[in-house]
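Atoms considered below: every heavy atom in the structure, side chains included; atoms not considered: hydrogens, waters and symmetry mates. All values derive from a computational prediction rather than experimental measurement. Throughout, numbering of the chain's residues begins at 1 and tracks the sequence.
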Amino acid sequence: MFYICDSRQPPDTSIKEISCDVPPEERICPDCGSPMEHLGYKFAREELRITPAKVVRVHYMQETLMCPVCRQEDETTIVEAKTPTPLLAHSPASPDMVAMVMYQKSFLHLPLYRQSKD
């Protein structure tokens with residue numbers, strides 16, 4: 001039996017999901033004015049948060065709504081919630097993680113290869 005090891009994923013990290021919901025004032029269809037239904041959540045992005053001796057994976061789940069009245073009229077209106085903007089685009093690094101790496105690199109004078117061993 002073969003096991004594939006993904007070295008990019010931290011071992012034994014807990015996953016915390018944060019739901020980004022559409023605000024109540026935006027739950028009305030902009031086209032016809034009827035209340036919108038919950039369509040589901042979609043994965044928006046992932047970030048790694050580090051506190052000393054603890055790593056937590058955070059999944060941001062973006063709520064999606066659709067208008068049932070517009071759908072019956074063959075004009076589907078979909079609204080998605082806003083999610084927090086990442087510090088670095090397309091990166092799982094959170095502000096805490098970047099701050100920790102910068103602190104260890106700048107003030108403790110630890111090379112990156114030694115930081116990865118901790």
Note: Cys70 and Asp31 closest approach over all heavy atoms is SG-CB, 4.2 Å
For the atom pair SG (Cys67) and CD (Glu75), what is the distance rounded to the nearest 0.5 Å? 10.0 Å
Any side-chain to backbone donor/acceptor pair from Ser91 onto Ala93? Under 3.5 Å, distance only. yes
Just how far is it from atom CG of Leu39 to atom CZ of Arg71, taken to the nearest 0.5 Å? 8.0 Å
How far does CE of Met61 sit from CG of Asp21, to the nearest 0.5 angstrom? 11.5 Å
Go through the steps to decide whether Lys105 and Leu110 satisfy the test side chain to side chain contact (heavy atoms under 4.5 Å, CB included), and finish with yes or no. CA-CA 5 Å; Lys105 180 79 174 135; Leu110 282 176; over 6 Å; no
Please indicate whether Phe107 has more than 12 foreign heavy atoms, meaning atoms of other residues, nucleotides or ligands, lying under 6.0 Å from its CZ. no
Counting heavy atoms not belonging to Glu26, are there more than 12 under 6.0 Å from its CD? yes
Closer than 4.0 angstrom, basic N to acidic O: yes or no for Glu63 and Arg27? yes
Could you state whether Val69 and Leu65 fall into the same hydrophobic cluster, counting links through intermediate Ile, Leu, Val, Met, Phe, Trp or Tyr residues with side-chain heavy atoms under 4.5 angstrom apart? no
Considering non-hydrogen atoms only, spot the tightest contact between His109 and Ser106 and give its length. CE1-O, 3.3 Å
Nearest-0.5 Å distance that lies between atom CD in Glu17 and atom CZ in Arg57: 10.5 Å
In terms of hydrophobic clustering (I, L, V, M, F, W, Y; side-chain heavy atoms under 4.5 Å; direct or indirect links), are Met100 and Val55 co-clustered? yes
Tell me the closest heavy-atom pair linking Pro35 and Ile28, and the distance in Å. CA-CD1, 4.3 Å
Steps toward side chain to side chain contact (heavy atoms under 4.5 Å, CB included) verdict (Lys42, Glu80): CA-CA 9 Å; Lys42 75 174 189 178; Glu80 294 179 342; 3.0 Å; yes
Same cluster or not: Phe43 versus Tyr41, using hydrophobic residues (I, L, V, M, F, W, Y) connected whenever any side-chain heavy atoms lie under 4.5 Å apart? yes
State, with a plain yes or no, whether a side-chain heavy atom of Val98 is found less than 4.5 Å away from one of Tyr103. no
Quick one about Glu46 and His59 (side-chain donor to acceptor, distance below 3.5 Å, no hydrogens or angles considered), yes or no? yes
Could you go step by step and tell me if Val79 and Thr64 meet the side chain to side chain contact (heavy atoms under 4.5 Å, CB included) rule? CA-CA 6 Å; Val79 175; Thr64 305; over 6 Å; no
Give a yes or no on whether a salt bridge exists between Arg49 and Glu47, defined as a side-chain N under 4.0 angstrom from a carboxylate O. yes
Run the numbers on Met36 and Thr77 for side chain to side chain contact (heavy atoms under 4.5 Å, CB included), then give the verdict. CA-CA 9 Å; Met36 300 183 82; Thr77 302; 4.2 Å; yes
Short side-chain to backbone donor-acceptor contact, Ser94 and Leu48, under 3.5 Å: yes
